Amino acid sequence: MEQALQKTPAPRDAPSLDPQATVAIDLRFRRGRSRIWLLAVVPGTILLLLVIVAPMIYMARYGVVVGIDRWWMVLGQPPGSTILVRTVLVAVQVTLVCGLLGYLYAAALVAAGPRLRMLLFALVFVPFLTSVLVRTYAWMILLGKSGPLSALQNGLFDLGLIPTADGGLLYNRFAVLVGMVNMMLPLFVLPLYSVMSKLSPQLAPAARTMGANRVGAFFRITLPLSAPGAAAGATVVFTLSLGFLITPQLLGGTDDLMIAQYMLIRLHTFADLTSASLLAIGLILLVAVIVALFRVFYPIENLVVAGAGQQARRRGIRRSGAAGTSRPDRGRWWRILVRSLSDALAVLPWGVITKVLALVLGVFLAAPLLITIPVSFTNDGFLSFPPSSYSFRWYAEVLGDPGWITSLGESLKVAALATVLSLVVGLPIAFFIARAPVSQRVRSIVLVLSILPVLIPVIVLATGTYVWFLQIGAVGNVFALAAAHSTLGIPFMVVVVVSALRDFDRRTEMAARTLGASAPRTFLAITLPLLRPAILTGVLFAFLQSFDELFIALVLASPTAPTLPIKMWLATTENISPALAVVSNVFILFTLVVLGLLMVFSRTRKNLKKASR
Amino acid sequence: MTETVNQLEVSALVKRFGDRTVVDDLAFAIGKGEFFTLLGPSGCGKSTTLMMIAGLESPDAGTIRLRGDDVTRLPPERRRIGVVFQNYALFPHMSIVDNVAFGLRMHGQGKRAARAAAEEMLDVVELTDLHRLPAQLSGGQMQRVALARALVTDPDLLLMDEPLSALDRRLRQTMQFELRRLQAKLGTTVLYVTHDQEEALVLSDRIAVMNGGRFEQVAPPAEVYTQPVSAFVAGFLGESNQLRVRLAEGEAPDGVVRLAPESVGGRTLLARRPVEAFDEGLLVVRPECMRIASGDAARAAGAEGLPATVDDVTFLGDHLRVGLLLEDGTAWTAQLPPGAAAPTVGSSVRVEWDVQDAAYLATAPQQARR
């Protein structure tokens, strides 16, 4: 029956599909309401000023006050300069590896049948939702001296990848890269896949009917068409890598610091607000430059709003077309060489190879989520793998420790507050972006401002809010912390609800009006119920964002009431006892519950969408 | 003394989008129980007109009266109208019966009474299994729910915006007849919008043919078809053969004009006299009014005709279609009964028609008849 509906030919004279008609219809609802629309962005503006803008200005003030000498001292000479160069280098390495592996994984996702695709998707999505702290802790087990991978240490040492052959695989650049690639790969795969999955599956075969072999078809067709997705993924991976803290801190060597680690040391260990602020400004300028550069290829805001990517995609197509036609002829021998090389490569069973490699990658992605389960049931008094015997000993220990339970309660409290705030602030903003009678330009600006916090490295946000909240005496205040956290949840809330509103068939609202429902009544009886799945999805994301967040909490939370991530972080820096595996499982369990709920909501959403077509 | 109050009265209605005038000084009235259709190509302003009457779009000028009351500035929920939208716009989160009961609930009825009335109406449109969600329905079923939902509040006026366009051809025909049956039974006044001429002919009491935001002609279906007032109307409803002509010198019988074709020299042709006189325009004849005689046959009494060459002959089951080329290369078609002898392709023939089937129409749209 659904198929029958979809097969119905598009109506020839469909006013609904005419954007101008839609705009015109909207005007009726908007008449004389522009002031109300202003109200929609007031809470968001206040929050933005208080939690993002004021701290940034406050930090910038340090930058202006100190003078050029101090700048030079912090950023222009070692250790600052070496750390900066090293950070960029590591970010480049991580991005390149993610690009290579990500393409492979996305290609396998597209090519896979429904079952394999679901498996591969779960293997990338569940880690994506799971706390970075938890996954990094898991890598400490995996790479540790007594971990399951320690057998590899001689081989890796011989290859020159690790400095010693007897200390396990931890605390070196190799471990940092493995960990960071593991954290970042989903962030590259997801945008890339969303672009690749929308390409017509007939394109590559079509190229092959015109004489391109498999390899040629990939490089000439699939690669250029998916470039916007890859650019988006690379932007995210690169900028996040620049500000990454947890993974290098826990897996890296003490003489191999990255900039975020250095900032944390200045800020948290030495209370050197000036240096931390200067580093933060440096980092944020670096990120801004990178984002601006990538924006040439792909506007970052398109990443998050489905459908807005059309333009960029078209641009990509145009570019690829030009490359295809104007490629200079480099002479016969060269072309023959390339052709025979690619013919030789094309003989390989690429379908099977990508699938097998993707499954291996999938295991790599899921490994940190699986290792904590057996470890948490160990009966040993220390971390070992495999455990010599199993028991509930560590569960009893964690549950019996009031510290952990208090932390869990504190985390839930902060996350709940942050979620409510995200909802109250984010929902009106989403309506504003989707429906306010303003120009496209204003919409984009509001959208970019509302997703801005996720583009700023968390350590910068932490530094900024710390120096500012210290000034206004809000450090240690649970509401201040929740407000800061909510800026991380709002982007998700806005993006999910805006995309639901873009798909929203406003004729259902009109129908309600003609049936006698007033505008407010229509909103309550029709609009809100239809948006419920999207709103709940936003709520879950916002909750997870706050529940998992570490550094803002670390600097803002009252020392007497640490959140769960803080307590876990402090514990990992002391010793990596199996108790942490138990806590990790709490996080993973939370993630799985959230994922289950997300699946339920996305199904309802799909059903609702189907019905309105 | 009591003046008959029209169910709907629209006067001097104007709507502009930017500098584009979409609805241009429209005026019409619909009587109680009438089935009135706005017919026109996409972009002619018919849906915009409907949206303004529904209150979902505000006019730039003009008034809209429902049962004599000025509703131009009233919000949609206070107009007592029913609307069936093109894609039905069913509430996807409510069951069928809740969809239909919605309007009654909004008009203050209790839950139980509303449901009972909704079930009754769904019975009228022959729907069962009322607790399904819209997603579980076929296109035809959704159409019935939309209809029931719009009718259950007993609106003064039912507005329908291309309601059948999403259905396949066969279902569309079934629904057309059902719609007519239902409308006759309930006595509902309907304003119907479509771009499908067949639908308009089957359903309507009167058709308003719309073009560029204005009415070209408002008349019952038969009149619109047989006596189009403009070339646009003739072209939009059914097929028509056209030839550029100008008014010729010389006397013509009563009710008839004498015309000189511009490109087929040396002849004059007769056609029905139009309401208003003009110097040049189009001679328009329907294909089914044409006969084909052999080139040297004597001209039948009262018949008009032109020499032509047979270009192709196609058998279409219920009729024979003959493609013709006039001397100047103009392509015409004639439609012959299925049993007629097929002329040979390439042969010279004479195409004939009766004077009363020939219309003389202006090329530019005439001001609509009020």
Side-chain angles (χ1 to χ4, degrees), chain A residues 1-18 20-32 503-522 525-533 604-613, chain B residues 15 17-18 20 22 41-43 46-48 51-52 54-58 75-94 99 102-108 133-139 142 146 149-150 152-153 155 159 161-162 165-168 194-196:
Chain A
M1 197 162 63
E2 292 151 21
Q3 272 183 337
L5 277 178
Q6 278 160 4
K7 270 183 202 154
T8 317
R12 207 158 35 107
D13 181 34
S16 61
L17 303 177
D18 177 6
Q20 203 157 15
T22 321
V23 169
I25 287 162
D26 287 353
L27 285 175
R28 167 73 209 188
F29 286 94
R30 290 165 179 174
R31 192 164 251 260
D503 288 339
F504 197 95
D505 182 1
R506 298 206 70 184
R507 274 174 297 189
T508 52
E509 291 172 344
M510 293 184 205
R513 294 295 298 278
T514 66
L515 288 166
S518 61
R521 201 132 178 215
T522 302
I526 307 295
T527 317
L528 268 190
L530 287 179
L531 288 179
R532 192 181 297 142
T604 349
R605 247 168 106 181
K606 251 180 243 155
N607 283 342
L608 292 179
K609 228 161 123 178
K610 222 181 287 160
S612 65
R613 281 292 134 89
Chain B
K15 179 72 190 179
F17 291 145
R20 205 160 56 97
V22 184
S42 78
K46 54 191 193 301
S47 284
T48 308
M51 284 295 161
M52 286 192 284
L56 297 167
E57 190 87 74
S58 46
E77 65 266 25
R78 289 171 55 199
R79 295 194 178 197
R80 289 188 48 77
I81 45 160
V83 183
V84 177
F85 291 86
Q86 187 175 28
N87 68 340
Y88 321 126
L90 299 182
F91 306 133
H93 59 307
M94 296 182 188
N99 258 282
F102 184 85
L104 297 169
R105 300 275 294 131
M106 291 300 130
H107 284 97
L133 288 175
Q136 297 164 294
L137 303 181
S138 70
M142 287 201 230
R149 188 178 68 176
V152 74
T153 52
L159 303 167
D161 186 8
E162 309 242 10
S165 61
L167 304 179
D168 64 48
T194 184
H195 66 273
D196 184 323

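Computed from a predicted structure; not experimentally measured. Here is how names work: the chains are called A, B, and so on, in the same order as the sequence lines, proteins then strands, and each is numbered from 1.
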Exercise. Is the shortest heavy-atom distance from the side chain of P76(B) to the side chain of M510(A) under 4.5 Å?
Worked result: no
For this session: Kindly compute the distance separating OG1 (T514(A)) from CZ (R149(B)), expressed to the nearest 0.5 Å.
Result: 7.0 Å
Problem set entry | Closest approach of R513(A) to P75(B) (non-hydrogen atoms, all atoms of both residues) | NH2-CB, 3.8 Å
For this session: Locate the shortest heavy-atom distance separating T508(A) from P92(B); write the atom from each residue and the value.
Result: CG2-CD, 4.2 Å
Problem set entry | Qualifying residues under salt bridge (Lys or Arg N to Asp or Glu O under 4.0 Å), relative to R80(B), sequence neighbours excluded | D156(B)
Problem set entry | Contacts of F85(B) that satisfy ring pair (Phe, Tyr, Trp, His ring centres under 6.0 Å) - sequence neighbours left out | none
For this session: Specify the closest pair of heavy atoms between A511(A) and A89(B), including all atoms of both residues, with the distance to one decimal.
Result: CB-O, 4.0 Å
Problem set entry | Within-4.5 Å side-chain heavy-atom neighbours: I526(A) and M94(B) | yes
Seminar exercise, completed: Here the pair of heavy atoms bringing A525(A) nearest to F102(B) is CB-CE1, 3.9 Å
For this session: For residues N87(B) and R507(A), determine if any side-chain heavy atom of one lies less than 4.5 Å from a side-chain heavy atom of the other.
Result: yes
Problem set entry | Rounded distance [0.5 Å steps], OG in S518(A) versus CZ in R78(B) | 11.0 Å
